[in-house]
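Have a look at the structure below, then the notes.
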Amino acid sequence: MSTAVVNKATKIIQIRRLYLFLFVVIAWVSLATIFRGRATLALPVSENSPFNDRVGAVAAAIRAGRFENPAFIYFFNPLREIIDSAVQLVRTLIAIPVSGSIIPVVGWFGVIGIVAFIVYASSNFKFTFLAVALLLGTGVLGMWTSTMDTIAMTLTAVIFSLGIGLPLGIWAGLSDRVLTFLRPFLDLAQIVPTLVYLAPLALFFLIGAASATIATMIYSIPIVIRITALGIRGLNNSPVEASISMGSTKRQTLAKVQLPMAKQTIILGVNQTVMAALSFVVIAALIGAPGLGGPIINALTVRNVGDGFVAGLAVVLVAIMLDRSTSAAVKTKKSFVPPSADEIKRRRLNVAAMGGFAVLSIYLSRNFLWAAVWPENINTSKIVSNATNTFVDYATTTLYFLTIGFRELITIAILNPLETLLAQSPWFLTVAAIAIIALIIGGRGVAILSVILLLAIVYTGLWRDTMLTLTQVIVATLLTMIIGITVGVWIGRSQKADTAIRPFLDAGQTLPAFVYLIPMLGLFGPTRFTAIATGIVYSIPVVTKLVADGIKNVPKSMVEAAIANGSTSWQVITKVQLPASKRSLLLAANQGLIFVLAVVVIGGFVGAGGLGYLVLLGSSKPEMQGKGLSAGLAILLLGIVIDRIAQTGARRK
Amino acid sequence: MSEHNSEAAISVRDLWKVFGPKPEELINSEDAKLPRAELMKKTGNTAAVVDVSFDVAPNEVFVVMGLSGSGKSTLVRCLTRLIEPTAGSVEILGEDILKVNTSRLRHLRRTKFSMVFQHFGLLPHRKVIDNIAYALEVNGVKKEARHKRAQEVIDLVGLTGYGQSYPEQLSGGMQQRVGLARALAVDPAVMFLDEPFSALDPLIRRDMQAEVIRLHKEVGKTMVFITHDLSEAMKLGDRIAIMRDGAIVQMDTPENLVAKPADAYVADFMRDIPKSHVLTLKSLARAPKPGEATDGPELDASTVIRDASPIIIQAGRPIRVASNGKPLGIVSSEDVLKLIAGEEQ
């Protein structure tokens with residue numbers, strides 16, 4: 001009886017909330033129409049707000065104090081030098097010439113040998129073959145040296161990240177207090193778009209390989225910590241309890257029980273760290289990271305899709321190679337039972353043989369020019385680039401109706417009206433509307449936080465640019481959710497579809513966001529929509545997977561009961577599976593928003609405007625530096641607003 | 001606080017475990033008597049173990065029985081301080097466990113007592129033999145010596161030939177044999193078994209219960225056995241403590257629990273137990289009525305009724321019951337029938 005009353009009450013509140021929401025939107029739209037164009041706080045691109053000027057002055061002061069300020073002399077500069085020498089050391093091993101020579105310590109053939117040995121030792125022949133083929137592919141694309149630079153940068157950042165992140169992660173896995181302390185940083189790290197890290201780091205560590213490595217570390221260390229801590233906390237408690245009950249010290253339990261059992265998760269963490277570092281190293285070319293990022297940026301800047309495609313393809317090959325090599329170690333060993341003695345013996349012989357090959361290849365690469373420097377005549381970059389450009393021309397002329405038609409449809413139907421609503425109406429109206437929506441979705445705390453953060457954005461003077469970015473984020477997320485839920489429901493319900501589609505989603509997740517810009521630029525040209533399309537493509541894998549897992553986790557008995565009651569498939573989906581996986585859907589929306597934001601701001605490269613463009617502008621023009629840094633701050637603030645509203649909304653029942 | 005029994009292997013007095021913001025305030029308070037939901041609402045605390053006292057004699061199998069949430073698992077963890085009790089005292093082999101320092105506690109865990117877990121708690125990355133030798137290993141015993149000892153217990157629990165296997169290669173029942181072997185490896189004085197067979201299917205469970213009875217006969221340990229299964233408790237326990245909402249409702253021999261349940265809760269539990277399987281002739285013995293034959297065969301008073309009934313039927317007349325040669329009375333087939341008929345209602 002009482003539960004029925006409660007249910008009824010909740011239902012009324014829910015219905016009320018929906019009506020309230022609609023009412024707010026209608027009121028917002030009508031007021032926005034009336035006051036259109038007033039108090040939009042528009043600031044011309046080349047002008048600085050007072051706040052921007054102040055930030056610029058602070059930045060200039062920091063730069064001026066580089067050789068006087070104690071913080072620089074005793075911390076930033078020495079740290080930079082340590083990291084720099086480490087990076088240069090790794091680079092001279094495989095990428096750049098040793099001084100007084102024209103080749104690195106190990107030439108290309110030697111690198112092939114080493115990679116073959118490492119991958120074989122950690123997995124099997126199949127993955128070894130794949131890794132070598134992919135690596136050769138980057139050479140064939142004419143990108144050997146850049147590829148080696150990217151790998152060297154990634155490796156250095158990963159080694160440092162693991163060195164710092166693994167102990168911290170283990171500590172956070174064992175101690176609640178440490179985790180509580182670290183959690184805000186870990187949460188924030190998940191929200192901050194990659195683009196935001198770069199400019200402030202360049203301010204403290206100059207531009208170059210060192211600051212790129214440090215930026216990469218800051219990006220990837222939270223990932224190591226999170227997964228390692230999760231690996232230790234997620235363990236089945238009974239072996240741990242048994243170990244304590246037998247009188248183990250904490251150290252013994254850690255070394256003999258927790259670490260061995262968490263090993264697979266920790267290796268997975270290494271894999272994630274490598275992939276995160278790779279994607280960051282590519283974009284860190286903006287602050288001087290050597291490697292494949294540079295050619296991509298150049299190509300994007302001059303809108304040469306073909307050249308960008310060559311470098312981007314090399315990134316994809318490296319990404320697949322690194323992912324397969326590091327995840328193979330996880331996947332080949334599901335069971336704790338080691339292979340038989342015979343197998344071990346045979347394997348040892350094979351590994352030794354592969355080691356011999358590696359040593360021989362290193363020797364050859366140090367003594368013969370053909371094995372030292374990638375042969376010049378094996379270079380298909382021009383061919384691939386031209387072919388790509390030809391195809392892009394064909395596509396933009398022949399497939400015009402498909403690509404440009406779709407682009408214009410979305411732009412006119414959704415993008416423009418929403419942009420008008422957000423960016424062309426008075427700022428206080430938009431702040432109020434967002435605050436009320438936050439109140440309806442997430443409650444009072446979030447609403448207050450949103451107002452404070454939005455006012456802070458207003459204070460930066462970049463309100464209108466923020467609204468342009470927000471428009472793109474919302475449109476991209478909406479489209480992502482439509483596609484993600486459709487595909488997610490499909491693969492959540494059909495094992496066949498799952499088997500067919502999941503590998504693509506997995507592959508899609510490993511690629512750096514930057515790489516997706518290139519084909520989108522080719523298809524849609526330099527517009528806002530290109531950034532949106534990139535955001536969609538980049539976030540679809542994570543959204544789809546979350547939706548699919550949510551659908552899969554709906555208790556089978558629920559679905560069976562619905563079918564037994566005579567529901568159609570459509571009824572099962574809409575009345576049982578989707579409502580029951582509401583939490584996963586909201587989590588997917590949250591992740592989608594954050595992923596989209598990270599990519600949409602990179603869209604500044606291809607004419608998307610908004611905050612991302614200002615960040616890029618700030619890093620290229622000294623007089624705009626204050627504005628660029630402020631734009632980074634605005635992105636961060638916007639990210640927190642979006643995340644908080646979506647998160648508290650998801651946590652609510 | 002009453003004195004500890006110095007004869008006992010385990011002697012527990014006034015033991016409390018309260019989870020929540022201010023656990024100490026609940027000790028001996030009136031609030032502690034509230035039902036759990038009300039207590040939670042009023043104080044934010046959960047009383048998992050409420051004022052528990054008992055003694056376990058050396059070599060006794062002491063069973064703690066209760067439904068899930070009754071606090072029995074928390075109780076057994078408090079005894080070895082896997083969970084720190086809120087108040088009270090626990091003496092094991094004359095030593096106050098709650099007062100010893102960490103390194104002494106570790107030493108006791110390594111040498112004097114051991115535990116078997118519901119979900120086995122085996123280390124998946126170690127061979128059976130290294131699982132069993134684990135407590136010896138953390139105590140610094142050399143590899144050869146600990147493997148020798150581990151092999152002995154492997155043979156003892158019937159796992160001969162499986163020492164080099166990994167836990168995942170064994171069935172559930174076999175895995176729990178490893179759990180038992182691991183607990184026996186250090187030759188402990190006291191063993192704690194926390195629902196060791198709940199995760200096993202019924203047939204395997206019966207085998208394992210028989211195994212525990214056999215091991216207890218062979219190695220004679222003091223055992224504290226936690227279970228939610230009344231028939232298991234009846235089968236294994238010298239004495240049984242029945243827990244409800246953290247407190248012990250009744251503590252007695254299986255026979256007395258069936259014959260004299262302390263309250264409706266215990267009686268309700270005992271209803272499904274066939275009385276004839278638990279009660280002995282002692283409970284039925286009575287003075288002969290006039291005209292009844294008194295020349296039937298004589299049986300000892302400790303004979304379970306189920307075992308006595310074929311003899312009674314065969315004799316065709318009441319049997320005589322005696323305890324240590326002292327006559328207690330007679331039992332007729334009608335008495336047995338009445339008992340069995342009585343529990344059907």
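Chain naming here is simple, since letters A, B, ... match the order of the sequence lines and numbering starts at 1 in each.
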Distance, nearest 0.5 Å, that separates OG of Ser248(A) from CZ of Arg106(B): 9.0 Å
Out of curiosity, Ser245(A) OG to Phe117(B) CZ, how far, rounded to the nearest 0.5 Å? 3.5 Å
Would you check if Arg77(B) and Glu241(A) make a side-chain contact, meaning some heavy-atom pair closer than 4.5 Å? yes
Let me confirm one number: the NE2-CG distance from His119(B) to Asn236(A), rounded to the nearest 0.5 Å. 8.0 Å
Rounded to the nearest 0.5 Å, what's the gap from OG on Ser243(A) to CG on Leu123(B)? Could you check? 7.0 Å
Are there over 12 heavy-atom neighbours, none belonging to Phe54(B), within less than 6.0 Å of that residue's CZ? yes
Are more than 12 heavy atoms, taken from residues, nucleotides or ligands other than Arg183(A), located less than 6.0 Å from that residue's CZ atom? no
State, with a plain yes or no, whether a side-chain heavy atom of Ile244(A) is found less than 4.5 Å away from one of Leu82(B). yes
Select, from Leu108(B), Asn139(B), Val138(B), the one with the greatest count of heavy-atom pairs under 4.5 Å involving chain A. Val138(B)
Which residues from residues 124-135 of chain B are near chain A, with near meaning under 4.5 Å between non-hydrogen atoms? Pro124(B), His125(B), Arg126(B), Tyr134(B), Ala135(B)
Taking the side chain as everything from C-beta on, heavy atoms only, tell me whether Met246(A) gets closer than 4.5 Å to Met115(B). no
Which atoms of Gln169(B) come close to chain A, meaning under 4.5 Å heavy atom to heavy atom: side chain ones, backbone ones, both, or neither? side chain
Would you say Glu84(B) has more than 12 foreign heavy atoms packed within less than 6.0 Å of its CD? yes
Looking only at heavy atoms, which two atoms of Ala242(A) and Gly121(B) are closest? And how far apart? CB-O, 3.6 Å
With a sphere of 6.0 Å drawn around CG of Asn101(B), does it hold more than 12 non-hydrogen atoms of other residues, nucleotides or ligands? yes
